[in-house]
There are 4 protein chains.
Amino acid sequence: MVGGGSGAFIGEIHRLAARLDGQIDLVCGAFSRDPDNCRKTGQELGLDPARCYNSYADMMDAEAGLPAETRMNFVVIVTPNHVHFPVAKAALEAGFHVLSDKPATLNLQEARELADIVLKSGRAYGLTHTYLGYPLVTVAREIIANGGIGKVRKVFAEYIQGWLAGEVDNKQADWRTDPARSGASGCMGDIGTHAHNLVEYVTDRKMTHVAADLTVFVEGRRLDDDGSTLFRMEDGIKGTLSASQVCVGRENSLSIRVYGETGGLEWHQEEPNTLIRTYADRPAEIIRAGQGYLSEPAKSQFRTPPGHPEGYIEAFANIYLEFADALRTEGGVKAGMNAALRGMAFVEALVESSENNSVWTEIRI
Amino acid sequence: MVGGGSGAFIGEIHRLAARLDGQIDLVCGAFSRDPDNCRKTGQELGLDPARCYNSYADMMDAEAGLPAETRMNFVVIVTPNHVHFPVAKAALEAGFHVLSDKPATLNLQEARELADIVLKSGRAYGLTHTYLGYPLVTVAREIIANGGIGKVRKVFAEYIQGWLAGEVDNKQADWRTDPARSGASGCMGDIGTHAHNLVEYVTDRKMTHVAADLTVFVEGRRLDDDGSTLFRMEDGIKGTLSASQVCVGRENSLSIRVYGETGGLEWHQEEPNTLIRTYADRPAEIIRAGQGYLSEPAKSQFRTPPGHPEGYIEAFANIYLEFADALRTEGGVKAGMNAALRGMAFVEALVESSENNSVWTEIRI
Amino acid sequence: MVGGGSGAFIGEIHRLAARLDGQIDLVCGAFSRDPDNCRKTGQELGLDPARCYNSYADMMDAEAGLPAETRMNFVVIVTPNHVHFPVAKAALEAGFHVLSDKPATLNLQEARELADIVLKSGRAYGLTHTYLGYPLVTVAREIIANGGIGKVRKVFAEYIQGWLAGEVDNKQADWRTDPARSGASGCMGDIGTHAHNLVEYVTDRKMTHVAADLTVFVEGRRLDDDGSTLFRMEDGIKGTLSASQVCVGRENSLSIRVYGETGGLEWHQEEPNTLIRTYADRPAEIIRAGQGYLSEPAKSQFRTPPGHPEGYIEAFANIYLEFADALRTEGGVKAGMNAALRGMAFVEALVESSENNSVWTEIRI
Amino acid sequence: MVGGGSGAFIGEIHRLAARLDGQIDLVCGAFSRDPDNCRKTGQELGLDPARCYNSYADMMDAEAGLPAETRMNFVVIVTPNHVHFPVAKAALEAGFHVLSDKPATLNLQEARELADIVLKSGRAYGLTHTYLGYPLVTVAREIIANGGIGKVRKVFAEYIQGWLAGEVDNKQADWRTDPARSGASGCMGDIGTHAHNLVEYVTDRKMTHVAADLTVFVEGRRLDDDGSTLFRMEDGIKGTLSASQVCVGRENSLSIRVYGETGGLEWHQEEPNTLIRTYADRPAEIIRAGQGYLSEPAKSQFRTPPGHPEGYIEAFANIYLEFADALRTEGGVKAGMNAALRGMAFVEALVESSENNSVWTEIRI
């Protein structure tokens, strides 16, 4: 693991998720550029001190030199955004698979370079689009793929939070609002990309154009803390996507609604075990995670009987399981390099559109 | 009443709403251009056959000739859109107050003419933006006016239905999808205007610009059945507004969410007796219609104790009560001529923007 | 109308409900024992002063003497409970149909007498069990009657409010907590009977035994303000029923859930336009009022398109429509004399059980 | 771990929960009486084959003989009910702490014996009343303890499922409906006890009497699959508790609602991150897990930021963390021996009451 020292947020979540199903062991880390923090974190985690490295470069070198049965199998990247690319590059070039937090890189150019590196390396590259790990997201995709709502017409996607509605003075807020560490967009890069990814995953169609309006509401902030975009997708699908971190009182409200010619689907991350399916001429249905009437893949993502709520950590663990499975079977990963490229291209198109008076802008990877 | 003969929808709703509180009597009507339908409707309503007129022109003439204590007091217009303006004109010029279904006219130019006519007539002009009649809409406006959520930043408004997702062959669908009778926009003119009106009413700020994307999803339809727009308002407020009649399985889902610097509000028409208020640092509140902790104006709009749900007809009746009150007191009406102008200008700006590749377009009345 | 003068609550609700559909005219009243209040109420309602009577006895006499086409058609009783019986008796004996607030009488003995009087009179007797007027209550009964959830096993019924959690000093609270005017039970008589009635109506089965525990929580109060009972019904159905007026913060929360061998139904009065139907092996359904997939009787009880919420007043108006229809067609009424008897018998059994250490007690009419 | 071999349900849940926070390692097990199943389970879990024992007796012996730094620290019991007691006894007498699934024993007599054994052993005894591990259950208890809803008056508790509505032929259903393995009660023993435990924990008051009606709805079943009880608690609190496994379509619907003199609380296990708090004279509040406004103990039970739902596994993991903490600090455990005794006494009182025509029966430990 690179990143995730004391004071970080997402590193600990990764560890919970990786640990849950007992298939993945954390064996080494470069948790912080601060050697004390790094050592202390490793100690708390019960790691061999010799495998708590002071830099990711050290880690790649040292681990690559260990016997195959001992050395780490893949690298997890949980640093601020600007470090994602160099670590991924180093890991891949040292022969390790990579599972990276999103966004994959700081910008689209880096993402293209990374794609080349991945290709050359022959290693697996996964991106933790956590929300794809919810079982009912799988179900939504299946229903649409099976024609369950007919040809898709309209999509509403939204990811709104309130925690940056005022000035926030902590480590999390700090790097997220710094262009050098976060990239060209704040809110849209951080959470809007999750909504974009969810839209493309559930519909299995590509978003092609955006007409965006990004905003900085909190004075002095250097990156957008709110934004909305109209979008167009393949096959004539249209929609809107909003992301905001200034919606006071909202926690982590990611949702998607998709309407096709004969039906609709609605899913909300904060109540992830319910999927509403609407019809033209009969009652809407409340589809529930874990139920026997779901497909085998969807059921296999749920660990408990229906009515025993599973949440964010379990969804995250599903991403880990899928990645581990991909490593074993040479299969693909839901959100790998392609998602990485598409996410960066989405952000660049949004920023370009917003800077050009919301003109329709193509998403080009 | 002009319009509302057998087979019409909204006329009967008007009658229910007007009747509810026992302050308004229907005394005459030109319910249909079909004399049989007109006579039959009057008969069913127990009207004097002599006051069931074959045309609105006849009605204005005849009623104006009656003694003051007998003749109708105001005219209600419940026809398809294209007839709103000529009837209103005739009524105002004959000296009658007017309460019209929205949109006030077929286009902005007519609305401007109508404004002149209203001004000259000295009569009251009301527009039935029904949804403003819900008590918790009043509460939302009050909270914002009192600074309860701080300076407003972001608004999400939405009005989605599913009943036009396929080809629909009935009287309602028929005129709504005909430009000659409905105006330049279908879905946005019919229901998007309600969302626009609600946004301006609740925030007490004007929408100034739109960047819109209107769509015809059902092949062969001549007017938009779906649309979304980015918008900008006075004081730096931004937002999105979507309206659709092709969201399969959605009934009449009008909602508004407003986020300010210190709080937020969420209201859904389909659960109209609940208003969610969010805060930055304490639990969200579930504000309920009819409760003792509400303001006097808000309480006065609710007829029963809390927990006895009041709905659409009661909201509509509140619009009638307010109009009746305005006639008695020379007071204004929530949605009168100004709302009429603003609604038409909103629709024209949307259509213009959509036809110009979603370019930001000013709303000019 | 007898009762419903200024300061009363339910009389005005009756008038709203009766007026809504334009089929019923209020023509006379004995609104209060206070002549001034009576006259003033009549004046506000635009009644002929000559038909505002100082007592219900005067009203029966005077109206009976009017020509058939002028005199009132039926009497509505909206007084405190203890006056229901004498007014009903007087009206029926004077040849008028009766629509009475519930409970029909002060005790079961009176109810039996009333049943005889109704029988002899040949007049119609209706009881305003308002909640049966909701369209989805009709739907729930239909589904069960059609075997939609299989043989019924278990029922949960509940009616909880919070308005009497403390000492309340108003006219409404006053008579409701006075045994002489309210009857042998407070909370259970006032609202528990609605839940009982709903259970028997929806399942079309009789409740046969109760094991009850009634409580006075507010010191000094003379009648129960809370109670729960286990119950047994015909055909082996079991259940629980709770009613309370001390559940702080709850408004008017009447609900019923019924589970049979193959499915279940859940309905809540505060969200009356939604009925949840559960299945063993497929997703639960959200059945919605007004939808095209409902039966004709259920659709006919809804005045607006789906998604335009109808509430308590509309439900109440449906009771009026049904009563008016019964008068015209000699048909029965949902909640007439039989419901009156069963309601009183339910209350007496509850009180007897509660006084005897919750022993199982038969409900005998 | 004793129990939890292939085909078992709860053993795997325990392992997920124990693993999540990285504080507990599974080191040995007697997973099944079938040696093959036992060995295979151990293998899948990556255990040392030498520590996969063919019986719990072997395990106690062998582990007790290992050096202190190697041997297991505590025993987790996840077998069918009838084996809970003998395993706990063996473990405690061999000097190991015990964390047992509930119910602690097959009957109250065994529970009393166990209490003596625990006392003599000086070892810790924990019972996995999983639902106490939800952070908002802690919050509910705190609010009541702090007088936040005033003196408690009325409690509604419910735990309903539908999975045994028909005949079910699997390992889970099998032992749960067998008196020899499950105890004197089926549904009430299995899930009613969770509701009872929750009631006592949240209110911090003891339930003293029950008047119960237990039912076998599915023909041929030997233990209750449904039941309801009236109850009385210390300090004049009254309430109802229902548990059912024949409510078709309900998943795992445990809920509690508590009303006091000045407020109320409502919590539902299937939406565990929301707690509704009601007041007499101001809007109800939506209290949310993880929020900054909660107490430190409540916040410490939530691993992610608000809006990242945590569920059943996390609640279970909190039970493990608390037990681990108790072992380190000699602190108590939420649901230890006292809860064990009270749960068994509750079940025995229910059965006795139900067999005696629902007579009020004291709960005596």
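Just so it is clear, the values below take in all heavy atoms, side chains as well, and ignore hydrogens, waters and symmetry mates. Throughout, protein chains are lettered first and strands after them, A, B, ... in sequence-line order, and every chain is numbered starting at 1.
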Inset, instruction - Quick one: list whatever passes ring-ring contact (aromatic ring centres under 6.0 Å, His included) with Y259(B), sequence neighbours left out. - result: none
Legend entry - Contacts of residues 128-143 of chain D with chain B (heavy atom under 4.5 Å): none
Legend entry - Proximal to chain B - members of residues 270-292 of chain D, heavy-atom separation under 4.5 Å: I276(D), D281(D), R282(D), P283(D), A284(D), E285(D), I286(D), I287(D)
Legend entry - K299(B) atom NZ, over 12 foreign heavy atoms within 6.0 Å: yes
Inset, instruction - Could you tell me which residues in residues 306-316 of chain D have at least one non-hydrogen atom under 4.5 Å from a non-hydrogen atom of chain B, sorted by residue number? - result: none
